[in-house]
Amino acid sequence: MKFQAVNGFKDILPDEAVRWRRLEEQARAVFRRFGLREVRVPILESTGLFARAIGEATDVVEKEMYTFADKGLTLRPEATAGLLRAYIEHGLHVQQPVQRLFTIGPMFRHERPQKGRQRQFHQIDVEIIGASEPGIDAELMAMAQMVFDELGLQVSLEINSIGCPQCRPDFRVKLVDYLSSRMDGLCEDCRRRVSTNPLRALDCKNRGCRSVVQDAPSIIDSLCRDCDTHFTAVRQHLDAFGLRYAVNRFMVRGLDYYTRTTFEFTTDQLGAQSAIAAGGRYDGLIEQLGGPAKMPGIGFGMGMERIVLLMEQQADTEKAIERADLFVAALGEQALSCAAPLVHELRKLGFAAAIDYSSRSLKAQMKQADRVKARFVLILGEEEIVRHEAALRNMDSQEQSAFPLAGTAAVLAERLAGLISL
RNA sequence: GUGGGCGUAGCUCAGCUGGUGGCAGCACCGGGUUGUGGCCUCGGCGGUCGUGGGUUCAAAUCCCAUCGCUCACCCCA
């Protein structure tokens, strides 16, 4: 019986973990400049929270959640709901009128896995709660762009406004009217959508649907005065920040809670999965979840798997190298009993020191030293023990010098430290 | 949930129309260098050919089933 990882769940092995760490560190570095603070929330929440936040009728809630039915609990399919729950539960709005938060971690959705889509996937999730000004929207996008820029990734930004509860219903009626008159040009799915979720027809990939939709009424033309003003201001801010973007009036969102600004960072280099970060404003959501009335918010999620895939195939040529500072090649019992405590002392001093306890041939140990990319090797054999003098080899320059074995392990370590930290 | 492709060594893969599993590459171990890495060279370790059934004198190869992986649809980060 051989066990293997569950379908859609992936191991991230050391070589790849290096890339993941770089992504996280880069994001954290940028977030700090924008005043974001980290929160860590559970990955398990009440099923009702997600149903309420994401929307009962969405695909995510309807068929993609990992739910423990008997316990009424669900593994989070996205991060915003849980984060807002924590915000509300702990009354964070009292501490500070505007909260800028981020969290990093796994999400779970029971979909069929494919390139760039796993059942356990990871997101870097950002939320700015308590501010409705358009400058906030633009700043959030500028921040995401900065993360991509500093990772050396080429991405495109698309934005749209999907209105608010004031203006969207009117648009919806207009759109349904239009689509109903062009039913024969729509695919089977979209015909169904006309009654269930007409906005979704706007971003259908089907050819026929696309041409029908080209002439459909535009949400942007149907925005109410406030939404229109907001959207215009967002664009002005984006221009002021020097961000390149395109308005995509066909972009809609899969989760019900979005209002006004929505945006996506996309790439064409990931097969079918083009969105690597996406989000938008959700001005009614916090109140809907039992939080303070009229509390606005906006946020986005970055798909870490997808970004890591991009890092693999873009620019990212030079690998981060993890080098050992020193490898001690010990030959024989006596040498080992001298080498082991020495390595221990070096590690206490903060050095990455390695040792091979197997007492293999010097050649084999040198090979091992090379594999861990040791900068120095201390050769400690029987001869050296007798002479009280080991050999210290610089692996890059191939220079070798004598290292007197006088004193305790701690004393030797101090002296070695001086020699190898140059 | 639907459709396509693929399962041969730890990894990447040859193996055509059935006839004993590959001097295959990478990795790993060892020799050449009786105590000095990378490069080279020689050798070695390593496989229930995903699993079960069928056809056949003979199946990695053909047929059926099943499991797994993968890509795409749907949807989404």
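We name chains A, B, ... by the order of the sequence lines, and we start the count at 1 in each one.
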Using a 4.0 Å heavy-atom cut-off, does A/Ala369 contact any base of the nucleic acid, only the sugar-phosphate backbone, or nothing at all? nothing
C1' atoms of B/A14 and B/G4, separation to the nearest Å: 24 Å
Need one value for A/Gln118: base, sugar-phosphate or nothing, where a base atom within 4.0 Å counts as base even if backbone is also close, heavy atoms only. base
So what does A/Glu383 touch, heavy atoms closer than 4.0 Å: a base, only the sugar-phosphate, or nothing? base
Side-chain contact check for A/Asn7: nearest option of B/A77, B/G35, B/C69 is B/C69
Within the 4.0 Å heavy-atom criterion, would you say A/Arg371 contacts the bases, only the backbone, or no part of the nucleic acid? sugar-phosphate
Is it true that a side-chain atom of A/Gln118 and a backbone atom of A/Glu305 form a donor plus acceptor pair closer than 3.5 Å? no
Please classify the nucleic acid contact of A/Arg393 as base, sugar-phosphate, or nothing, using heavy-atom distances under 4.0 Å. base
Atom pairs under 3.5 Å: protein N/O with N/O of nucleotides 4-6 of chain B:
none

Does A/Glu25 come within less than 4.0 Å of A/Arg21, counting only side-chain N to carboxylate O? no
Map A/Gly8 and A/Asp59 onto RNA chain B by nearest heavy atom, then report which one ends up closer to the 5' terminus. A/Gly8
Which listed nucleotide (B/A77, B/G35, B/A72) is nearest to the side chain of A/Gln123? B/A77
B/G1, B/U36, B/C29: which one has an atom nearest the side-chain heavy atoms of A/Arg112? B/G1
Counting any heavy atom closer than 4.0 Å, what does A/Lys363 reach on the DNA or RNA strands: base, sugar-phosphate only, or nothing? base
NA contact type, A/Ala374, heavy-atom cut-off 4.0 Å: base, sugar-phosphate, or nothing? nothing
Between A/Arg117 and B/U70, is there a contact of a side-chain N or O with OP1 or OP2 at under 4.0 Å? no
Where do N or O atoms of nucleotides 7-9 of chain B meet protein N or O atoms at under 3.5 Å, pair by pair?
none

Regarding A/Glu264, tell me which of base, sugar-phosphate or nothing describes its non-hydrogen contacts under 4.0 Å with the strands shown. nothing
